[in-house]
A.B. asks: 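Mind having a look at this structure? Questions to follow.
Within every chain, numbering begins at 1; the chains are lettered A, B, ... in the order of the sequence lines, protein sequences first and strands thereafter.
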Amino acid sequence: MSLPPFEVVVAEHGPAVLRICRAVVGAHDAEDVCSETFLAALAAYPRLEPDSNVRGWLATIAHRKAIDQIRKRNRGPLPVERLPEAPGRCGEPAPRDDDLWDAVASLPTKQRGAVVYHYVAGLPYAEVGQILDSSEAAARRAAADGMRALRSTVTRETS
Amino acid sequence: MTFERDILTRLGQHDDESVESMARLHARLVEAASSEDLLDVAYRILDTPVGSLLLAATTVGVVRIAFDAQGHDAVLDDLARRVSPRVLRAPSRLDPAARQLDEYFSGRRHSFELPLDLQLAHGFRRLVLGRLADLDYGSTVSYAAVAADLGNPKAVRAVGTACATNPVPVVVPCHRVVRSDGSTGSYVGGVEAKRALLALETANRL
C-alpha cells in the first residue's frame, strides 16, 4: 500500500472539496479556499498514512481554511454577527440551484458544517463530529436540524 | 427521506461550471506548488510517432520517460512511490523536453540538451546509461561492446538489464544498443518502437 500520485487525489476529491468550500464560505470565496486547501494538503501529503480516509482528511483541512477565510472576512470594516450570505459572482454565469446554496450558507455554523460534511462530502457522522469538534450524536442532530431548516426555507421559497 | 435524497442530488451534482472551476483550481495549484517548491514531480503526455510518451521531471531534470506499453498510470504510481507522491500534471516544466523530442521525431535534432535526474538508476546501470549517452545518432553498438567498453566484458546481460530499465529512453539512447548478430533485440517501448527510432535515425543521418 502506498500513496497514489497527488494528481489522482485532486481528480478524485476535487469536486467534493470545491462543493464543501462553496457551501461553507459561499461561491465568491470557494475557489480561493479550495485552492489553499489543496496547497496545504500537497505540503502535508507525503506524511499521510497510506490507508487514511483521504476525503475526511481533505474536509478537515478545508474546514480549517474556511474558518480562516471567515475570520479574515469578519475583520473587515463592517463586522457582521453572522456569516454573510454568498455574495454575487461578479458577472459570472449563475450556477444552478443558487437558492439552495444560499440556504445552506445561511444555516448556523454547526448545522451547516454537519449538512455539508455529511451530505455534500459524504462523510460518516463519526468523522463529521471530529471535524466539528463535537460528538457523533451531536453531529447527527446538527445535520437533522440543518436539513429541517433547509426543508422549510426551500419549501417556503418554492411555494 | 425524498427531500434528503433530493438535496443530496442537488448539492452533489457536477455542473459545467464545476468542471471549469476544477480546471482553474488545478492551474492555480500547479502554479502555487511550483513557487512554493512543492511540485516534486511534474508530468505531461506527448504524442509522438511511437505513441504517447509520458514525460516526468523533478526540479533537477527529466526523471522518467515512458511508453504506452509500460502503462502510464503504473509509471506514475511508481514515481509516487520511488521519488515523491507530490506528483502533478504540470506541462510547463516539460516544455523544453517536449520541444526537443518533437524536433528529434521530425529528424531535425540529433542530440538532446536537457538536464537529467538519474536518481532511478543505480550502480552499474547508471554507468551503462552514462556510456549510452555518448553513442552517436544513427549508429548502433552491441550489448557486448558496451560491456567490454565498461571494462566488464562478461556483463552483457547486465547491460541488457540496464537498457531494459532505462528510466529515460529516447533521450538516453538505449535503442542504439542491439544484439551482436545485428538483430534489433528487445526494447522498453516494444521492438516496433525500437525499429522505428533506428529507421528515423538512419533516414536523417548526415
A.B. asks: Atom CD of residue position B:Glu31 - does it have more than 12 heavy atoms of other residues, nucleotides or ligands inside 6.0 Å?
C.D. replies: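 Not more than 12 within 6.0 Å, no.
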
A.B. asks: Look at B:Leu76, B:Asp73, B:Leu38 and state which one has the largest set of heavy-atom pairs under 4.5 Å with chain A.
C.D. replies: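 Of the options given, most contacts go to B:Leu38.
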
A.B. asks: How about CG on B:Asp37, more than 12 heavy atoms from neighbouring residues, nucleotides or ligands closer than 6.0 Å, or not?
C.D. replies: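 Atom CG in B:Asp37 is not crowded, with 12 or fewer foreign heavy atoms closer than 6.0 Å.
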
A.B. asks: Check B:Ser21 against A:Glu31 and note the closest heavy-atom contact, atom names and distance.
C.D. replies: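 It is OG-OE2, 3.1 Å.
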
A.B. asks: If I take atom CZ from residue A:Phe38 and atom NE2 from residue B:His26, how far apart are they, to the nearest 0.5 angstrom?
C.D. replies: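 Here the interatomic distance stands at 10.0 Å.
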
A.B. asks: What is the distance from atom CG of A:Leu3 to atom CZ of B:Arg86, rounded to the nearest 0.5 Å?
C.D. replies: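 Rounded to the nearest 0.5 Å, the CG-CZ separation comes out at 11.0 Å.
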
A.B. asks: Could you state the interatomic distance from CG (B:Leu25) to OG (A:Ser35), rounded to the nearest 0.5 Å?
C.D. replies: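 Output value for this atom pair is 6.0 Å.
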
A.B. asks: Highest number of heavy-atom pairs under 4.5 Å with chain B: which of A:Ala30, A:Cys34, A:Ala43, A:Ala16?
C.D. replies: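 Ranked by contacts with chain B, first place is A:Ala43.
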
A.B. asks: Just verifying a value: how many Å separate B:Glu36 CD and A:Leu39 CG, rounded to the nearest 0.5 Å?
C.D. replies: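 Here the interatomic distance stands at 5.0 Å.
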
A.B. asks: Considering heavy atoms only, which positions within residues 4-11 of chain A lie below 4.5 Å of chain B?
C.D. replies: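 Within residues 4-11 of chain A, the residues that come under 4.5 Å of chain B (heavy atoms only) are A:Pro4, A:Pro5, A:Phe6, A:Glu7, A:Val10.
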
A.B. asks: Is atom CG of A:Asp133 surrounded by more than 12 heavy atoms (other residues, nucleotides or ligands) closer than 6.0 Å?
C.D. replies: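 Result for CG/A:Asp133: open.
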
